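Working notes, structure below.
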Amino acid sequence: MSVSNTEMTAAAATETDRNVLRLDRICLQFADKHVLKGVDLEVKQGEVVVLIGASGSGKTSLLRCINLLNTPTSGSIIIDDEVIFHVEANNHGGSLIAPSEVNRIRSKTGMVFQQFNLFPHMTALANVMEGPVTVKREPKDKVRSAALRLLDLMGLAQHVDKFPRQLSGGQQQRVAIARAMAMQPKVMLFDEPTSALDPELVGEVMKAMVELAKSGMTMVIVTHELGFAFEIADRVVFLDQGLIAEQGAPNNVLLHPIHPRLKSFVGRFHESADLLRPFLEAREAQRG
Ligand SMILES: Nc1ncnc2c1ncn2[C@@H]1O[C@H](COP(=O)(O)OP(=O)(O)OP(=O)(O)O)[C@@H](O)[C@H]1O
Ligand SMILES: [Mg+2]
């Protein structure tokens with residue numbers, strides 16, 4: 001979430017302006033199907049970008065490119081000043097990643113999916129500690145205190161010793177977020193993190209994600225919950241048929257859309273937002 005100008009020192013401004021993630025002309029093709037057609041996206045330190053778009057527009061495919069679960073056909077991906085992927089459009093002179101590097105590079109991103117695949121035989125705390133202890137071989141004491149802090153940030157201080165089966169879906173998803181955060185990623189990627197939850201549990205996961213945003217985490221979130229997008233996003237990006245068709249501040253993209261397909265996509269939100277407009281705009285102005 002953005003810091004207001006008055007709070008921002010010159011040094012912090014430089015840090016905040018730094019790109020954590022940059023995608024250049026990302027193309028992705030499966031057989032003869034062009035799923036992504038040249039996506040450019042820059043995400044700054046601490047920025048929260050929400051990706052919206054119709055089903056099949058390429059949102060999940062784009063997130064999967066960022067953590068190399070999909071291999072783009074061409075384009076570049078730069079995370080934290082390291083070029084992690086680069087292939088020219090004509091496929092000449094490009095560089096693919098060495099297989100031995102994939103895990104190190106993948107740990108620059110933390111991914112949270114619809115389905116929270118926690119280890120069923122481990123407590124919440126053990127689930128969060130697992131990656132840093134076994135993959136990164138960090139000392140257990142240090143990992144434990146970091147894991148407890150993350151679980152606390154996720155509102156789970158009372159539940160650290162419970163097993164997944166003793167936790168609600170919303171609590172399990174918050175453990176999954178803490179688990180991804182424990183690897184100290186540069187950017188967190190969320191693919192519809194609340195869509196598999198019972199409606200009454202959606203709010204607690206959204207609230208935990210707002211806390212994460214406030215803590216300064218850089219986040220890219222795919223969601224169909226437009227109210228949540230309005231709440232959490234610094235920038236909303238509308239993906240349409242494999243390309244970014246429109247992007248900007250939530251107030252512009254969600255309340256004053258220009259692209260015809262975005263207009264119809266946000267139509268329902270737009271109607272309900274009409275009632276809330278004075279309130280929403282006042283809050284947007286306050287955020288600066
Ligand atoms: N492994 C694959 N092989 C072939 N086609 C694929 C593959 N993965 C995705 N696609 C196609 O790419 C397009 C974009 O899919 P993607 O899952 O990225 O959309 P999405 O925007 O996340 O949609 P939703 O909102 O339904 O999750 C779809 O037409 C899908 O069928
Ligand atoms: Mg998807």
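A quick note: this is a predicted structure, and the numbers were derived from the prediction, not measured. Both counts, for ligands and for their atoms, begin at 1 and track the order of listing.
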field: Glu204/Lys207 salt bridge by N-O under 4.0 Å criterion
entry: no
query: Are Ile84 and Val102 linked, directly or through other ILVMFWY residues, by side chains that come within less than 4.5 angstrom of each other?
result: yes
field: For atom 29 (O) of ligand 1, closest protein heavy-atom neighbour
entry: Lys33 CE, 2.9 Å
- prompt: Which residue owns the protein heavy atom closest to atom 25 (O) of ligand 1, what's the atom, and how far is it?
  reply: Lys59 NZ, 2.8 Å
field: Proximity to ligand 1 by part of Ala31, non-hydrogen separation under 4.0 Å
entry: neither
For atom 23 (O) of ligand 1, closest protein heavy-atom neighbour: Gly56 N, 2.8 Å
- request: Find out if a path of hydrophobic residues (ILVMFWY) with successive side-chain heavy-atom gaps under 4.5 Å connects Leu148 to Leu153.
  value: yes
message: Looking only at protein heavy atoms, which one is nearest to atom 16 (P) of ligand 1, and what is the separation?
response: Ser61 OG, 3.6 Å
message: Taking only non-hydrogen atoms of Ala54, do any sit less than 4.0 angstrom from ligand 1?
response: yes
- prompt: Under 2.8 Å from the Mg ion (ligand 2), is there an N/O/S atom belonging to Thr60?
  reply: yes
message: Other residues, nucleotides and ligands only: do more than 12 of their heavy atoms fall within 6.0 Å of NZ on Lys136?
response: yes
message: Side chain or backbone, does Gly58 bring an N or O within less than 3.5 Å of an N or O on ligand 1?
response: yes
field: Hydrophobic cluster identity match, Met183 and Leu151, side-chain contacts under 4.5 Å
entry: no
Which of the ligand 1 atoms, numbered from 1, are nearer than 4.0 Å to a heavy atom of His224: 25 (O)
Numbering as shown, the atoms of ligand 1 that approach Thr60 to under 4.0 Å (heavy-atom distance): 17 (O), 18 (O), 20 (P), 22 (O), 27 (O)
message: Quick one, Val135 with Ser107, criterion side chain to side chain contact (heavy atoms under 4.5 Å, CB included). Give me CA distance, side-chain angles, the key distance, then yes/no.
response: CA-CA 10 Å; Val135 181; Ser107 73; over 6 Å; no
query: With a 4.0 Å cut-off, would you call Glu211 and Arg174 a salt bridge?
result: no
Identity and separation of the nearest protein heavy atom to atom 12 (O) of ligand 1: Val35 CG2, 3.1 Å
- request: Output, in order, the C-alpha distance, side-chain angles, deciding distance and verdict of salt bridge (Lys or Arg N to Asp or Glu O under 4.0 Å) for Glu47 and Arg235.
  value: CA-CA 8 Å; Glu47 196 180 12; Arg235 181 155 45 109; 3.0 Å; yes
field: Salt bridge Arg18-Asp81, side-chain N to carboxylate O under 4.0 Å
entry: yes
field: Heavy atom of the protein closest to atom 5 (N) of ligand 1 (residue, atom name, distance)
entry: Phe30 CD1, 3.4 Å
- request: Considering only non-hydrogen protein atoms, determine which one is nearest to atom 26 (O) of ligand 1 and report residue, atom name and distance to 0.1 Å.
  value: Ser55 OG, 2.6 Å
task: Give a yes/no verdict on whether any heavy atom in Glu192 is under 4.0 Å from an atom of ligand 1.
output: yes
